[in-house]
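This is a predicted model, so every value here is computed, not measured. By convention in this document, chain letters (A, B, ...) are assigned in the order of the sequence lines, proteins followed by strands, and residues within each chain are numbered from 1.
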2 protein chains.
Amino acid sequence: MTELKDDPHVDALTPTAPRHVDLARTLMQEIRAGHPPVGGLLPPELELCERLGMSRYAVRQAVQKLCSLGMLTRQAGVGTRVVSATPVSRYVQSMDDLGDLARYAQGTHLAVTTRNRIAADDALGELLSCAPGDKWLHIAGVRRGCDGKGEPIALVHMYVAAAYAKLPKLSGELAVPIYTLIEEQFGIKVTRVAQEIQGLIIDGEDADVLQVPRGSAGLRIVRTYYVGPTVIEVTTGVHPASRFSYSMSFQLSRAGA
Amino acid sequence: MTELKDDPHVDALTPTAPRHVDLARTLMQEIRAGHPPVGGLLPPELELCERLGMSRYAVRQAVQKLCSLGMLTRQAGVGTRVVSATPVSRYVQSMDDLGDLARYAQGTHLAVTTRNRIAADDALGELLSCAPGDKWLHIAGVRRGCDGKGEPIALVHMYVAAAYAKLPKLSGELAVPIYTLIEEQFGIKVTRVAQEIQGLIIDGEDADVLQVPRGSAGLRIVRTYYVGPTVIEVTTGVHPASRFSYSMSFQLSRAGA
DNA sequence: GAGTGGTCTAGACCACGAA
DNA sequence: TCGTGGTCTAGACCACTCG
């Protein structure tokens with residue numbers, strides 16, 4: 001273990017770095033050098049205190065920092081174990097709001113063409129991952145830009161699980177996503193959204209409604225909204241490839257940094 | 001401010017919760033109730049200590065917890081400000097590894113058909129977001145399953161910025177993604193990946209190579225790899241819709257929880 | 001029982017921001 | 001100048017794990 005200096009200006013960027021920051025850096029370097037190795041135990045807190053002439057509080061702050069970086073795990077009665085020689089990093093796409101999933105929908109308008117209660121047949125049962133015969137509320141429509149006056153953007157189908165289909169505001173216009181209404185009505189929060197993107201040929205009536213030539217390329221996006229293990233809603237949208245592409249961005253993120 | 005109880009078994013789940021956990025919960029409830037309101041200041045630490053009969057250490061632990069939940073921000077000389085009445089939550093898609101972006105590629109084999117140095121023309125300049133005339137290493141090939149004996153999965157083009165194109169292991173097979181080779185060779189780490197998914201019709205030669213009928217539906221995935229603001233690589237892949245769809249999943253995540 | 005990390009107290013000095 | 005949060009010390013008791 002190297003000695004810590006009281007000398008200020010050790011680091012030009014952080015003149016007189018706090019001692020726990022200094023220690024955190026030292027520990028990180030030594031772990032990277034293999035002392036202790038990944039899987040091994042750090043010396044006990046009290047030993048570090050004695051060796052470095054620091055209080056337990058300062059030592060704990062340093063160790064906690066490395067824990068938050070995902071390099072250490074601690075367990076009372078056992079010790080502090082090295083689980084990674086470098087800060088754990090991941091690539092992350094994040095959104096403040098599920099609305100960002102379909103941000104294109106802002107300023108658009110959904111003209112509802114169908115609204116009925118249905119029982120899932122075999123094909124629909126697969127899409128909704130439910131047993132054939134299960135009841136769903138089905139809503140279909142066309143999404144257009146410019147408050148409904150622009151060209152069609154998507155052909156939309158929405159399926160709401162029967163248990164969540166009693167929604168007060170569902171009668172009028174659909175200005176907000178349905179999952180939002182469900183969250184408000186039942187006081188729950190969507191915990192997971194699965195999304196699948198498929199390529200397809202837009203043909204037949206769909207092509208006519210979307211005002212593209214039959215045989216055009218399109219994207220089909222299927223979103224499944226979960227609250228815990230329960231599916232509360234499934235939506236599908238068919239978009240002409242000429243008017244829509246799906247963009248996303250993944251950032252490198254270091255946990256707890 | 002409500003009083004804290006020393007009484008154990010306040011919470012069936014955590015008998016005798018630590019006092020700082022208790023305080024954190026209390027503060028959260030009161031902030032949700034509007035005391036103090038969002039934008040307002042929490043009482044100073046010393047005042048909380050006195051009012052609650054707790055040490056500064058315990059109070060700080062509680063406050064730090066709410067900070068890590070994104071509800072509070074602190075500034076020396078100013079105070080502790082409420083920035084959110086509820087824990088900040090977001091929806092996150094995360095990966096340990098960029099390889100997960102193309103996990104389907106595992107167990108597949110890329111047969112390289114083209115490898116040359118090119119200068120970007122106008123169209124390519126747009127794809128690569130560079131000036132026409134910039135030099136790139138271009139590699140093209142066909143990805144097949146079952147170690148190259150299965151049916152074609154994708155038609156792939158890769159463009160490596162000239163500055164990063166001197167890669168020692170690039171001569172042989174491409175068992176690993178190119179960006180990995182760049183990261184190793186230059187000691188850098190990809191910080192961001194942008195991805196765009198388009199629908200398209202697979203036609204002409206491409207259809208023949210992919211062994212699908214001309215006019216079939218397909219997905220085109222364009223990935224741009226950044227190190228800071230610099231593009232180091234761009235890849236495009238065309239996948240038959242019948243053999244490929246893109247799935248992702250977003251989890252609700254509460255920061256610091 | 002011995003040793004670990006988890007929790008907690010009662011002090012203290014400092015750098016920073018605002019009045 | 002004064003109060004804030006940031007840092008730090010020197011003690012202490014507890015719950016947990018393990019031999």
Side-chain angles (χ1 to χ4, degrees), chain A residues 3-27 36 39-83, chain B residues 4-11 13-27 36 39-83:
Chain A
E3 280 209 346
L4 293 175
K5 322 175 184 63
D6 278 341
D7 183 31
H9 305 98
V10 216
D11 185 340
L13 291 174
T14 43
T16 61
R19 301 189 66 178
H20 70 266
V21 173
D22 226 10
L23 174 56
R25 188 163 39 211
T26 303
L27 288 175
L41 287 173
L42 223 62
E45 290 180 357
L46 293 177
E47 186 181 325
L48 286 176
C49 296
E50 194 180 354
R51 213 196 284 182
L52 302 165
M54 293 167 68
S55 74
R56 219 185 136 196
Y57 175 87
V59 169
R60 280 176 70 79
Q61 275 193 305
V63 172
Q64 275 167 15
K65 165 151 189 182
L66 267 58
C67 283
S68 79
L69 288 174
M71 298 176 64
L72 303 176
T73 60
R74 324 192 72 190
Q75 193 179 357
V78 178
T80 304
R81 196 169 294 281
V82 179
V83 293
Chain B
L4 292 175
K5 324 172 185 64
D6 277 343
D7 184 30
H9 304 97
V10 214
D11 183 341
L13 292 174
T14 43
T16 61
R19 301 188 66 177
H20 70 266
V21 174
D22 228 9
L23 174 56
R25 189 164 39 211
T26 303
L27 288 176
L41 287 173
L42 224 61
E45 289 181 357
L46 292 178
E47 186 181 326
L48 286 176
C49 294
E50 194 180 353
R51 212 194 286 182
L52 301 164
M54 294 168 66
S55 73
R56 218 183 138 199
Y57 176 87
V59 169
R60 279 177 71 78
Q61 275 192 306
V63 172
Q64 276 166 17
K65 167 153 187 181
L66 296 205
C67 283
S68 80
L69 289 174
M71 299 175 64
L72 302 177
T73 59
R74 324 193 72 191
Q75 193 179 359
V78 178
T80 304
R81 179 157 268 112
V82 179
V83 294

Residues forming a salt bridge (charged side-chain N to carboxylate O under 4.0 Å, His left out) with B/R56, sequence neighbours excluded: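 So B/R56 forms a salt bridge (charged side-chain N to carboxylate O under 4.0 Å, His left out) with B/E45.
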What is the distance, rounded to the nearest whole Å, between atom CD of A/Q61 and atom C1' of D/dG6?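 Taking atom C1' of D/dG6 as the reference, CD of A/Q61 is at 8 Å.
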Interatomic distance where CG belongs to A/L52 and P belongs to D/dT7 [whole Å]: 18 Å
Take atom CG of A/L46 and atom P of C/dT7, then tell me their distance rounded to the nearest Å.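 Roughly 16 Å, once rounded to whole Å.
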Nearest-Å distance, CG (A/L48) to P (C/dT4)? 11 Å
Given atom CZ of B/R74 and atom C1' of D/dG3, what is their separation to the nearest angstrom? 14 Å
Among C/dG6, C/dT7, D/dC8, which nucleotide sits nearest the side chain of A/Y57?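 Looking only at side-chain atoms, A/Y57 lies closest to D/dC8.
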From D/dT7, D/dG5, C/dC8, pick the nucleotide closest to the side chain of B/P44?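 In terms of side-chain proximity for B/P44, the closest of D/dT7, D/dG5, C/dC8 is D/dG5.
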Of all the choices, D/dT7, C/dC8, C/dG5, which nucleotide is nearest to the side chain of B/R60 once you look at every atom?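 Of the options given, the side chain of B/R60 lies nearest D/dT7.
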In whole angstroms, the gap separating P of D/dC8 from CG of A/L23 amounts to 10 Å
By the salt bridge (charged side-chain N to carboxylate O under 4.0 Å, His left out) test, which pairs, at least two apart or in different chains, include something from residues 62-73 of chain A?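 Passing the test, one end in residues 62-73 of chain A: no pairs.
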Its contact letters, B for base, S for sugar-phosphate only and - for none at protein heavy atoms under 4.0 Å, make nucleotides 11-19 of chain D read -B---BB--
Global bending angle along the helix from C/dG1-D/dC18 to C/dA18-D/dT1, which compares the axes of five pairs at either end, to 10 degrees: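 For the helix from C/dG1-D/dC18 to C/dA18-D/dT1, the axes at opposite ends meet at about 10°.
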Nearest-angstrom distance from the residue atom NE2 of B/H20 to C1' of C/dT9: 15 Å
Residues that A/E47 engages under side-chain hydrogen bond (donor to acceptor under 3.5 Å, both in side chains), provided they are two or more places apart: A/R51
Which whole-number value in Å describes the distance from B/E50 CD to D/dG3 P? 13 Å
Taking only side-chain N and O atoms of B/T80, does any of them lie within less than 4.0 angstrom of OP1 or OP2 on D/dT4? no
Work out which heavy atom in A/L41 is nearest to a heavy atom in A/V78; give both atom names and the distance. CD1-O, 4.3 Å
Just N and O in the side chain of A/R19: are any of them under 4.0 Å from OP1 or OP2 of D/dC8?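 Answer is no, no contact under 4.0 Å.
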Measuring from atom OG1 of A/T80 to atom CG of A/L48, what distance do you get when rounded to the nearest 0.5 angstrom?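 If I round to the nearest 0.5 Å, the distance is 8.5 Å.
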I'd like to check A/M54 versus A/Q61 (side-chain heavy atoms, cut-off strictly below 4.5 Å). Are they in contact? no
I'd like to check the salt bridge (charged side-chain N to carboxylate O under 4.0 Å, His left out) partners of A/E50; sequence neighbours left out, ordered by chain and number.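 Per chain and number, A/E50 pairs via salt bridge (charged side-chain N to carboxylate O under 4.0 Å, His left out) with no residue.
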Run the side-chain contact (heavy atoms from CB on, under 4.5 Å) test against A/V83 and tell me which residues pass, sequence neighbours left out.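 Partners of A/V83 by the side-chain contact (heavy atoms from CB on, under 4.5 Å) criterion, ordered by chain and then number, come out as A/T73.
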A/R19 bridged to A/D22 by N-O distance under 4.0 Å: no
Can you identify which nucleotide, out of C/dG5, C/dT9, D/dC8, has its nearest atom closest to the A/E45 side chain?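 Among C/dG5, C/dT9, D/dC8, the one nearest the side chain of A/E45 is C/dG5.
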